[in-house]
Engineer: 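Sharing a structure below in structure tokens format, with a few things to ask.
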Amino acid sequence: NDLPPLTAFKIMEYVRRGRGLTPEEEELMREKGVPEWYVLSCKKIKYMFPKAHAAAYVMMAFRIAWFKVHHPMAFYTAYYSVRADGFDAGTIVKGSEAIHRAMREIEVKGKGATQKEQDAYTIYEVAQEMYARGIRCLSVDLYRSHASRFQMTREGILPPFTALQGLGSGAAKNIMAARAGDPFLSQEDLKIRAGISKPVIEILEEHGCLKGLDTSSQMSMF
């Protein structure tokens, strides 16, 4: 038939998304000699996955697999950066045994596990695999960690501040900006310069990020 190419394309896009045909489109298709069975099929289709999308997904899968095999540290760094919200640095940095215990705790809950716990389980699985391949997860570092991006280092993968449960992106960015000047003199100095709250200081201290920093900048004479 001689249905105009642009019109045919628009009809195809609407049909594959399950939107069917308008009365005007039906009339035009019949006028151009489109078989009745074809018109009826277009009205019944709910969704059709485009061939180009399928090809794109397969190509992406090959790229990801290649990096995972040949550049594992780059793969895990990128994977964690994308899934940073569910990354539990407090557990993963402790190594394979700690990860196994965390996974077991989720497993025993069965269907009672929350969606957050299920997402964490997937990340734990990837972390277990990473350790099995000889790649370490380092502790968050006050002066080296990025606000939200994982980094590759000679020693292993360095998590960002947002990998610490309870530490938000705003506080993470503030810490990065504040450390650009002189080294922090104390926890109090960090709190003031970065404009962060006491709970954030407590999170950093709990994860060993404040080693060597006194609580106050004041010096004792005794």
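These numbers were taken from a predicted model, which means no experiment stands behind them. Sequence positions, counted from 1, serve as the residue numbers for this chain.
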Engineer: Supply the atom-to-atom distance Thr91 OG1 to Met103 CE, rounded to the nearest 0.5 angstrom.
Structural biologist: 12.0 Å

Engineer: Is it the case that over 12 heavy atoms from other parts of the model lie below 6.0 angstrom from the CD atom of Glu202?
Structural biologist: yes

Engineer: Tell me if a side-chain donor or acceptor on Thr162 pairs with a main-chain N or O of Ser169 at a distance below 3.5 Å.
Structural biologist: no

Engineer: Between CZ of Arg17 and OH of Tyr47, what distance do you get to the nearest 0.5 Å?
Structural biologist: 8.5 Å

Engineer: Closest heavy-atom contact between Ala147 and Pro160?
Structural biologist: O-CB, 3.5 Å

Engineer: Could you tell me whether a side-chain N or O of Tyr131 sits under 3.5 Å from a main-chain N or O of Ile92, the two making a donor and an acceptor?
Structural biologist: yes

Engineer: Going by the rule salt bridge (Lys or Arg N to Asp or Glu O under 4.0 Å), which residues pair with Glu25 if we only count those two or more places apart in sequence or in a different chain?
Structural biologist: none

Engineer: Can Arg104 and Glu107 be counted as an ion pair, charged N to O under 4.0 angstrom?
Structural biologist: yes

Engineer: Would you name the heavy atoms of Ile123 and Arg83 that are closest together and state the gap between them?
Structural biologist: CD1-O, 3.6 Å

Engineer: Could you please spell out the steps behind the side chain to side chain contact (heavy atoms under 4.5 Å, CB included) verdict for Tyr124 and Ile106?
Structural biologist: CA-CA 11 Å; Tyr124 287 146; Ile106 297 173; 4.0 Å; yes

Engineer: Got a sec: does the CZ of Arg16 have more than 12 other heavy atoms crowding it under 6.0 Å?
Structural biologist: yes

Engineer: For residues Leu210 and Phe184, determine if any side-chain heavy atom of one lies less than 4.5 Å from a side-chain heavy atom of the other.
Structural biologist: no

Engineer: Excluding sequence neighbours, so at least two apart, what forms salt bridge (Lys or Arg N to Asp or Glu O under 4.0 Å) with Arg193?
Structural biologist: Asp189

Engineer: Answer with yes or no whether the hydrophobic clustering places Leu21 together with Tyr38; edges join I, L, V, M, F, W, Y residues whose side-chain heavy atoms lie under 4.5 Å apart.
Structural biologist: yes

Engineer: Closest heavy-atom contact between Leu164 and Ala89?
Structural biologist: CD2-CB, 4.1 Å

Engineer: If you group Ile, Leu, Val, Met, Phe, Trp and Tyr by side-chain heavy-atom gaps below 4.5 Å, do Tyr143 and Ile157 land in one group?
Structural biologist: no

Engineer: With sequence neighbours left out, write down each residue that passes salt bridge (Lys or Arg N to Asp or Glu O under 4.0 Å) with Arg101, or none if nothing qualifies.
Structural biologist: none

Engineer: What's the shortest heavy-atom distance between Tyr80 and Ala127, and which atoms?
Structural biologist: OH-CA, 3.2 Å

Engineer: Are side-chain heavy atoms of Tyr76 and Cys137 found at a separation under 4.5 Å?
Structural biologist: no

Engineer: Are Val140 and Met176 grouped together when hydrophobic residues (ILVMFWY) are joined by side-chain heavy atoms under 4.5 angstrom apart?
Structural biologist: yes

Engineer: Just verifying a value: how many Å separate Glu188 CD and Lys191 NZ, rounded to the nearest 0.5 Å?
Structural biologist: 8.5 Å

Engineer: Over all heavy atoms of both residues, which pair between Cys209 and Leu142 is shortest? Give the atoms and the distance, please.
Structural biologist: O-CB, 3.6 Å

Engineer: Would you give me the side-chain donor-acceptor pairs under 3.5 Å for residues 51-74, sequence neighbours excluded?
Structural biologist:
residue : atom : partner : partner atom : Å
Lys68   : NZ   : Glu129  : OE1          : 3.3
Lys68   : NZ   : Glu129  : OE2          : 3.2

Engineer: Measure the spacing between NE2 of His146 and CD1 of Ile175 and express it to the nearest 0.5 Å.
Structural biologist: 12.5 Å

Engineer: Quick one: name the residues clustered hydrophobically with Met12, using the 4.5 Å side-chain heavy-atom rule over I, L, V, M, F, W, Y, and just say none if it's on its own.
Structural biologist: Phe9

Engineer: Quick one: side chain to side chain donor-acceptor pair (under 3.5 Å) partners of Glu31, sequence neighbours excluded?
Structural biologist: none

Engineer: Rounded to the nearest 0.5 Å, what separates atom OG1 in Thr114 from atom NZ in Lys116?
Structural biologist: 7.5 Å

Engineer: Can you find a pair of side-chain heavy atoms, one from His207 and one from Val93, that are under 4.5 Å apart?
Structural biologist: no

Engineer: Spell out, yes or no, whether Ile99 and Leu138 are grouped together once hydrophobic residues are joined by side-chain heavy atoms under 4.5 Å, including indirect joins.
Structural biologist: no

Engineer: Can the ring centres of Tyr79 and Phe150 be said to be less than 6.0 Å apart?
Structural biologist: no

Engineer: Taking the side chain as everything from C-beta on, heavy atoms only, tell me whether Val39 gets closer than 4.5 Å to Met29.
Structural biologist: yes

Engineer: Using modelled atom types only, decide if a donor and an acceptor are shared between the side chain of Thr77 and the backbone of Gln151 within a distance under 3.5 Å.
Structural biologist: no

Engineer: OG of Ser41 to CD of Glu36: how many Å apart, nearest 0.5 Å?
Structural biologist: 10.0 Å

Engineer: Main chain of Phe87, side chain of Gln165: is a donor-acceptor contact present, judged purely on distance under 3.5 Å?
Structural biologist: yes

Engineer: Using every non-hydrogen atom in the two residues, find where Arg179 and Arg144 come nearest and quote the distance to one decimal.
Structural biologist: NH1-N, 3.8 Å

Engineer: With a 4.5 Å heavy-atom cut-off, do Leu204 and Leu167 have their side chains touching?
Structural biologist: yes

Engineer: Less than 4.0 angstrom from a charged side-chain N to a carboxylate O is my criterion; do Arg30 and Glu26 meet it?
Structural biologist: yes

Engineer: Does any part of the side chain of Leu158, heavy atoms only, come nearer than 4.5 Å to the side chain of Asp141, both counted from C-beta?
Structural biologist: yes

